[in-house]
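Letters A, B, ... are given to chains in the order of the sequence lines, protein chains preceding strands, and every chain is numbered from 1.
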Protein chains: 2
Amino acid sequence: MASRSDLKEASLRRILTASASRLRAEGLSGAAIAPVMQEAGLTHGAFYAHFNNKEELAAAAFRFALLDNRPRWMGQARKESWPSRLLRLGKRYLTTAHRDDLTDSCALAALASDAARSNSAFKKVYEEELRKSLHAICVPLDEGSPIDPARLDDAIAFMALCVGGISLARAVDDPVFSQQILTVCRQAVQRMFPPDNASPTHLEVPDQARNRDEAQSHDHR
Amino acid sequence: MASRSDLKEASLRRILTASASRLRAEGLSGAAIAPVMQEAGLTHGAFYAHFNNKEELAAAAFRFALLDNRPRWMGQARKESWPSRLLRLGKRYLTTAHRDDLTDSCALAALASDAARSNSAFKKVYEEELRKSLHAICVPLDEGSPIDPARLDDAIAFMALCVGGISLARAVDDPVFSQQILTVCRQAVQRMFPPDNASPTHLEVPDQARNRDEAQSHDHR
DNA sequence: TGTCTCATAGGATGCGCATCATGTCAAACC
DNA sequence: GGTTTGACATGATGCGCATCCTATGAGACA
């Protein structure tokens, strides 16, 4: 039928899709309006029918990027123990595939430095999305229940490791080194959250043996 | 006496200082030539007496930033055990003071996202500096000796956690949440690298209580 | 059928920026 | 002392970009 508002909504969606890609690939200041609109099949003039300014677009596109990706990379981590859930997520996150696919990657990592330099409005959006992701990590199954603060702390450390790991892996030129960074970080997740039988998540002293080398370094998505 | 080349060298130093600050505060694309030159007490025309283009400046300024900061934040972690060295470094790195002082902060964290989006030339510089920092973490004392690969792996995971932690803490708007991120990451360092003499009898859980990050911003202790 | 609305097109404007071109003056060198 | 060199200043040049303005054409609506 293509009613008037349907068309606009479709346009908006294309704009957000294009913008979300370019935002991650080129950063907050890099993703310019005209190219985004062109990628969306429109011209720059149409932009202001959808947003008041570039900042609004950035916020909306950032939200869109995470809304789009979160379910995909959450997958079904259900029913697993807490440490194995983190381990599984870490193995999915810290891959060469995710590293190399900037345009479709985790926006929290891709725009971390940018958010750090941005104004309070964008930081609020970033924070909101980060909280949503942390929440999703903590309780992917029953949406309503409050989350365990200890788990939240675990999830924060986990996210920091993942974001830092993939950022470093991307920032480096040598693919071997980059791969090493990813592998080491995957192992670090395991060391930080040892499998259930070891001991519960907090206040434990995991034997100081440096158990390295249980690294399957192949990536799958 | 102010010989000709002395003057040029002094100018270069001012340019690098100004550029290194703005680079960290505004990113690779944000740090423009004219403002940098002005901050250095020169005009934009003088720029090309020192560099061929903006990329050269960015690379040099990035190097300069780390050369300038590395000794300061390494401090004297000598003679301590490996885990306590990392713990000490983590406590120094993951502070609100470091978080808030973008212009003088760790360039590896401030420019991680930017490097990820940059060309191979800049990534090479980033990688080189990252390797130097990792090396400095592993063997701050005797420069010559080869580094233990296991320690290098530890240092990589440590850096990832630190970079991710401070990036997230900066990207977020709520100061309480930001503080929590820093605190959790400091604890995570400890969890990842438990102190060697961590005996159950002598349970000293130093960082467990709500932070009060040792706010001595950098150096001077 | 005829108005109205509004998403879109296509300039136009003005600014910031990297880079280049030209001028200047003091130190360096003969 | 006279010439040369080169760091620096000043002023283009041209591009990319955000934003604004105006026109248009097709759906909405009467």
Determine all donor-acceptor pairs shorter than 3.5 Å in which one atom belongs to a side chain in residues 33-50 of chain A; sequence neighbours excluded.
unit_1: A:Glu39; atom_1: OE1; unit_2: A:Arg22; atom_2: NH1; d: 2.5

Q | Pair listing, ring pair (Phe, Tyr, Trp, His ring centres under 6.0 Å) test, anchored in residues 103-132 of chain A, at least two apart | A | A:Phe62-A:Phe122, A:Phe62-A:Tyr126
Q: Report the residues that fulfil ring-ring contact (aromatic ring centres under 6.0 Å, His included) with B:Tyr93, sequence neighbours left out, ordered by chain and then residue number.
A: B:Trp73, B:His98
Q.
Rounded to whole Å, please give me the gap between NZ in A:Lys54 and C1' in D:dG16.
A. 11 Å
Q.
Salt bridge check, B:Glu129 against B:Lys132: does any charged N sit closer than 4.0 Å to a carboxylate O?
A. yes
Q. How would you list all residue pairs meeting salt bridge (charged side-chain N to carboxylate O under 4.0 Å, His left out) that involve residues 50-68 of chain A, not counting sequence neighbours?
A. A:Arg63-A:Glu128
(Q) From OH of A:Tyr48 over to P of D:dC20, roughly how many Å is that when rounded to an integer? (A) 6 Å
Q. Between A:Asp114 and A:Arg24, is there a salt bridge with N-O shorter than 4.0 Å?
A. no
(Q) Rounded to whole Å, how long is the line connecting atom CG of B:Asn52 with atom P of D:dG6? (A) 15 Å
Q) When you measure from every atom of DNA chain D, which of residues 23-35 of chain A have a heavy atom less than 4.0 Å away? A) A:Ala32, A:Ile33
Q | Length of the line joining A:Gln38:CD and D:dG16:C1', which is rounded to integer Å | A | 14 Å
Q. Between A:Phe47 (CZ) and D:dC17 (C1'), how many Å, whole number?
A. 12 Å
(Q) For nucleotides 7-13 of chain D, give me one character per nucleotide, 5' to 3': B if any protein heavy atom sits under 4.0 Å from the base, S if the only such contacts are to the sugar-phosphate, - if neither. (A) SSBBBB-
Q.
Has A:Thr17 got a side-chain atom pairing as donor or acceptor with A:Arg13's backbone, closer than 3.5 angstrom?
A. yes
(Q) Apply salt bridge (charged side-chain N to carboxylate O under 4.0 Å, His left out) to residues A:Glu26 and B:Arg117 and explain how you reach the verdict. (A) CA-CA 6 Å; A:Glu26 301 167 32; B:Arg117 294 189 281 260; over 6 Å; no
